[in-house]
Amino acid sequence: MSDDTPSYGFDTLQIHAGARPDPATGARQTPIYQTTGYVFRDADHAAALFNLQEVGYIYSRLTNPTVAVLQERIATLEGGVGAVCCSSGHAAQIMALFPLMQPGCNIVVSTRLYGGTVTQFGQTIKRFGWSAKFVDFDDLDAVRAAIDDDTRAVFGEAIANPGGYIMDVRAIADIADAAGIPLIIDNTTATPYLCRPIEHGATLVVHSTTKYLTGNGTVTGGCVVDSGKFDWAASGKFPSLSEPEPAYHGLRFAETFGPLAFTFHGIAVGLRDLGMTMNPQGAHYTLMGIETLSLRMARHVENAEKIAKWLEADDRVEFVTYAGLPSSPYFERVKTVCPRGAGALFTFAVKGGYEACIKLVDSLEIFSHVANLGDTRSLIIHSASTTHRQLTPEQQEAAGAAPNVVRLSIGIEDADDLIADLDQALSKATA
Ligand SMILES: *Cc1c(COP(=O)(O)O)cnc(C)c1O
């Protein structure tokens, strides 16, 4: 299948995009190219590859044929021009920021983020001389006001972990656009099946492929997708992309690679020097999972809708945050941002608070108590005592991870079995 076939539907592309029968053997499934090095045809070929004058394989820290298929697959599903896979979702976030940032620069980010991201942005990136301003993305004036001359990106999650809140991607993209900076969307919890952020104006999309894209809880991985639409030279704010890059003997990435500048920079400088590389085995597992993405997501959403409705009607439950419920303030927004459904991740508050939440988690039989999401298996976690434990009570509240709520990641089992499991555990928790 050639690359210029955008007319195929999602279900076809999730199986075929980026892959072709192996040129050496005809193998129909993408082989796992378990190799670190690649033999150069001759010295001129080697020189051309190192000069980025010819595209090919040098060393698997930079590029690998199995990983390359996954990169093209995800880029196609997101409607981007290129993608760089990396070792985890957190690596992808650093890889997305790395070409944009200098010491002294900041990013404007949503308060509603995965707990690990709050810590990464709130604490760890300070060691690089970067900083993050946390803003409620439902307050558009506050987002506008937070952007200053040193802001280099705006960052949010399309469907926010843990509450399943929906971001108005278009409104935030317009604000970033007016400021001449890119919007980066973490699309992990939505996946391109439910939301395509680039169509709503995002410049970059990041993924933890650990979650739904792989889908079965086997490997960690990440990915940065570039829309190819941002003019890196226009503002003078992104010298690593628009000016001669000293880390690549003065190459001007924007001038040389046009819409692929960010992707080439991510490989030639990012992966080369940060080394956050995805391994070919990991890419293989994710390629296996991604083939059934649409089938799984449709079922995840169907189950989540049933379970959220059941929980909301139960008087042992205080509230349910699922954006697919008419009671949610995000219900209308779902129709434009993620028309195929509000995902399968949400929280609910148990009457009885912290203690009841702990008892509930310990009483479930099908749901596993796991710090992961996007598995075929249903998972539950008490965020305040685990993933969001490092946060202050105010940050927990703002992130939707207050002590009286638990987060569900609804799997693709029989919905009736999941409801029965929640029913018996709620009885024990609130007895
Ligand atoms: C899990 C997760 C991450 C981090 O991904 P890892 O693969 O665990 O590094 C980032 N964002 C969201 C929304 C996540 O759920």
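Counting convention: from 1, in listed order, for ligands and their atoms alike. Only a predicted model underlies this, so the values are computations on that prediction, with no experimental measurement involved.
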- atom 9 (O) of ligand 1: which of K211, Q120, H90, Q93 has the nearest heavy atom? H90
- Message: Check for me whether the distance between the ring centres of F121 and F155 falls short of 6.0 Å.
- Response: yes
- Task: Return the residue, atom name and 0.1 Å-rounded distance of the protein heavy atom closest to atom 6 (P) of ligand 1.
- Result: G89 N, 3.3 Å
- Which of the atoms of ligand 1 are close to G221, meaning less than 4.0 Å from one of its heavy atoms? 7 (O)
- Message: If you measure every N or O of T189 against every N or O of ligand 1, does any of those distances drop under 3.5 Å?
- Response: no
- Task: Could you tell me whether R28 atom CZ has more than 12 heavy atoms of other residues or ligands within 6.0 Å of it?
- Result: yes
- Task: Quick one: which residue pairs count as a salt bridge (Lys or Arg N to Asp or Glu O under 4.0 Å) with a foot in residues 186-201, not counting sequence neighbours?
- Result: R196-E199
- Query: Which residue, D138, D168, T321, forms the side chain to side chain donor-acceptor pair (under 3.5 Å) with Y330?
  - Reply: D138
- Got an N/O contact under 3.5 Å between T210 and ligand 1? yes
- Task: Pick whichever of D186, T188, N161, L373 has a heavy atom sitting closest to atom 11 (N) of ligand 1.
- Result: D186
- Reference residue P182; test side chain to side chain contact (heavy atoms under 4.5 Å, CB included); the match among V154, T203, D177: T203
- Item | Contact check, A91 vs ligand 1, heavy-atom distance below 4.0 Å | no
- Message: For atom 8 (O) of ligand 1, tell me which residue out of S409, C223, S208 has the closest non-hydrogen atom.
- Response: S208
- Taking the six-membered ring for Trp and the single ring otherwise, decide whether the centroids of F238 and F230 are under 6.0 Å apart. yes
- Item | Ligand-side contact atoms (ligand 1) for residue partner E157, heavy atom cut-off under 4.0 Å | 13 (C)
- Message: Tell me every residue that passes side-chain hydrogen bond (donor to acceptor under 3.5 Å, both in side chains) with T124, counting only those two or more places apart in sequence or in another chain.
- Response: none
